[in-house]
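Single-structure report; data block below.
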There are 2 protein chains.
Amino acid sequence: MKRRVTLQEVAFAAGVSTGTISNYLNQTAPVGKDTKLKIQNAINEMGYQRNEIASSLRRNHTKSLGIIVPNVSNAFYATMFQASEVEAQKRGYTISLGNIHYNRERMDEYLRLFSNKRMDGILLAAYSIDVPGDWYSDLYPPLVVIEPPSLTLPFSTVGIDNLAASYEITKYLIQKGHTRIAIIVLSRESLRFAGYQKALEENNIPIRDDMVQELGKLETDLIAQGDREMSKLLEKASFTACFATTDLLAIGAITCAKRNGIKIPEDLSIAGFDNIPLASIVDPPLTTVAQPIEEMGRIGIKLLIKQIKRKTRAKPENIILNTRIIVRASA
Amino acid sequence: MKRRVTLQEVAFAAGVSTGTISNYLNQTAPVGKDTKLKIQNAINEMGYQRNEIASSLRRNHTKSLGIIVPNVSNAFYATMFQASEVEAQKRGYTISLGNIHYNRERMDEYLRLFSNKRMDGILLAAYSIDVPGDWYSDLYPPLVVIEPPSLTLPFSTVGIDNLAASYEITKYLIQKGHTRIAIIVLSRESLRFAGYQKALEENNIPIRDDMVQELGKLETDLIAQGDREMSKLLEKASFTACFATTDLLAIGAITCAKRNGIKIPEDLSIAGFDNIPLASIVDPPLTTVAQPIEEMGRIGIKLLIKQIKRKTRAKPENIILNTRIIVRASA
DNA sequence: CTGAAAGCGCTTACAG
DNA sequence: CTGAAAGCGCTTACAG
């Protein structure tokens, strides 16, 4: 690769100063008619491409945003990522990806890296992991978190009411007549578990330990994980419905059940959470709670850019989006 | 956000020169034992974070790569993107996304933008679109293309033998006894169409215009597009098998057929192309040709970094990966 | 409207 | 082993 031509070189060729070319290019000051012409000609002939790195150093912003997700090849995050990209691009930002594979250390690494690369802001979609403490300080670029573990963070957030949504879908299962309802969930500490618990308690259904399958951590291949967890559940308990707290887990669970000759929904109802595109395509189509995935990505970017615009750390905003139950054939 | 501390400030605090701190940080020259200590203390206390932008300007590389894909939320590209990210991260590069929505202008924009942002290299996965002519010059960063439209480009490429793979799957359909085989394809000019054509001709089966559904362009929602195209096909022709040249199109086609009461594979066999994860999950599971998607992403990055390492434009390499037919229930 | 010059925050010969 | 100084390629007051 050849060394690329610099502003200084085109300035020399055009017989003007670098300052006025910069003013012309950035429309930051009026430039004379024939000066413009000379400049444009030189630029065209020499194939000048502005060095944004130098520009960034001087201007002190990069017009780049970092997005950190657990796993881009998971449809949920792929969709969110895409929506973010569209929104960011519209506003002149380009975006970098940090894929952390549900792994805490990688999250820290990417946070640090993006800060060092002087990203103007960072969007973090790391449900259930929380932000490292030092990020609370203002030595770091603005951060907004999607699906925050709690609302008391000093960051703007976008998410849904996980407790309420889980409560609703569990209630739906109960209304369909189920009383033996299993759950596949990341942790008993999670809001989704709390919603399940609330619905059962309200209906005087005791929570049975053998029906709660606690994951501890999420894996990259959630479908395989859901399949395995369902088979463990099947061994130790008998139930007529199962709430798998993520669609991909639910899909794995369905696969497992079908393989074992269990008919869905006749023998076993299964409900998911997220409403990824796949949910409507699997057999049977999945009953689930819809999250406005794209909107979360878009709003995340908007909040982030808002934080960037006002230089001082603004009071964080917490946006909570609506969910709704999508009834399909699986439950 | 506070102004971040600079090397100069820590140099002052530590009582050494910026040069030796730089040498310490980059291990680019030996540094005295207690000098190290003083430096490390100052860095820790002051919370120094290196400004990679300044570093990039001076060093003339950014350790960033751009990846351009038609649509990240499409499982095929999401998977490829993810594999690329893992490979790039391993080698110390961070990656930026250009999502072009199957749109030529956006591709040009991102190419230019990434060049201006001084990405060290660009990975382009834009099947069927070709690279703008001026990129053949060496004013631009190294570029490698995944799934190249042809092998005569002056760039390194990774892909598969589309003609051979389509030929094989079509032959498979013929061997199953089908003679009325429809095809849903981007264009009659494409290699996938050529493979289909070759298989039919070899078996003296005439190609019937009413059985080739030519798309012209791909849309963001390929499943919806496949659904629509299948319904057009159903109206005008009668056939016992259909080769949809992309899994997502095939899945849309299946959805359409099922809705019309057509049994798959009893009434109609459908074959796809790509073997995305979804292919094994739909009902019925899709017979398709498997592309080594992750490997394509990984090798793409490797080729790219190879080009970056030798500064002079190297002779391009064209890697062709193997495909194989995955027989499942749909055909 | 235009130019000369300082400066963004690093790295890199060079001299000692 | 360490420091002084130039330079990467822009943008931005400032003066005219």
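Just so we're on the same page: letters track the sequence lines, and every chain starts at 1. Not measured: the values here are computed from a predicted model.
- At least one side-chain nitrogen or oxygen of Ser17(A) sits closer than 4.0 Å to the OP1 or OP2 atom of dG3(C).
- Rounding to whole angstrom units, CG of residue Leu7(B) and P of dA4(D) are separated by 15 Å.
- With a 3.5 Å ceiling on both atom-pair distances, the Watson-Crick or G-U wobble partner of dC14(D) is dG3(C).
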Steps toward ring-ring contact (aromatic ring centres under 6.0 Å, His included) verdict (Phe114(B), Tyr110(B)):
CA-CA 6 Å; Phe114(B) 285 165; Tyr110(B) 264 117; 5.3 Å; yes
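- The nucleotide whose nearest atom lies closest to any side-chain atom of Pro30(A) is, among dC1(C), dT12(D), dT11(C), dC1(C).
- For Tyr48(A), a side-chain nitrogen or oxygen approaches OP1 or OP2 of dC10(D) to under 4.0 Å.
- Residue-level contact check: Gly19(B) touches the bases, meaning some heavy atom is under 4.0 Å from a base atom.
- Between dC10(C) and Ser55(B), no contact under 4.0 Å exists linking OP1 or OP2 to a side-chain N or O.
- dG7(C) atom C1' lies 5 Å from atom CZ of Arg58(A), rounded to whole Å.
- One N or O on the side chain of Asn51(B) and one on the backbone of Ala54(B) form a donor-acceptor pair closer than 3.5 Å.
- A donor atom on one side chain and an acceptor atom on the other are not found under 3.5 Å apart for Asn71(A) and Thr220(A).
- Here dT12(D) presents its P atom at 12 Å from CG of Leu57(A), a figure rounded to the nearest Å.
- Look at Arg50(B) and you'll find a side-chain N or O under 4.0 angstrom from OP1 or OP2 of dT11(C).
- Between Arg118(A) and Ser64(A), the side chains place no donor N or O within less than 3.5 Å of an acceptor N or O (distance only, hydrogens not considered).
- Arg50(B) and Asn26(B) form a side-chain donor-acceptor contact under 3.5 Å, judged by distance and modelled atom types alone.
- Nearest-nucleotide positions on DNA chain D place Lys36(B) closer to the 5' end than the other of Thr28(A) and Lys36(B).
- Protein atom CZ of Arg4(B) is 14 Å distant from nucleotide atom C1' of dC8(C), rounded to whole Å.
- Contact check, Asn26(B) against dT11(C): a side-chain N or O comes under 4.0 Å of OP1 or OP2.
- Atom-to-atom, CG of Asn60(B) to P of dA6(D) comes out at 21 Å; the value is rounded to the nearest Å.
- Using a 4.0 Å heavy-atom distance criterion, Thr35(A) is classed as a sugar-phosphate-only contact.
- A straight line from CG of Leu25(A) to C1' of dC10(D) spans 11 Å, rounded to a whole angstrom.
- The CD-C1' distance, from Gln49(A) to dC10(D), rounds to 15 Å in whole Å.
- At whole-Å resolution of the value, CG in Asn23(B) and P in dT2(D) are 10 Å apart.
- Nearer to the 5' terminus of DNA chain D, by closest-nucleotide assignment, is the contact made by Val31(B) (compared with the other of Arg59(B) and Val31(B)).
- Nucleic acid contact for Ser22(A): base, since at least one base atom lies under 4.0 Å from a heavy atom of the residue.
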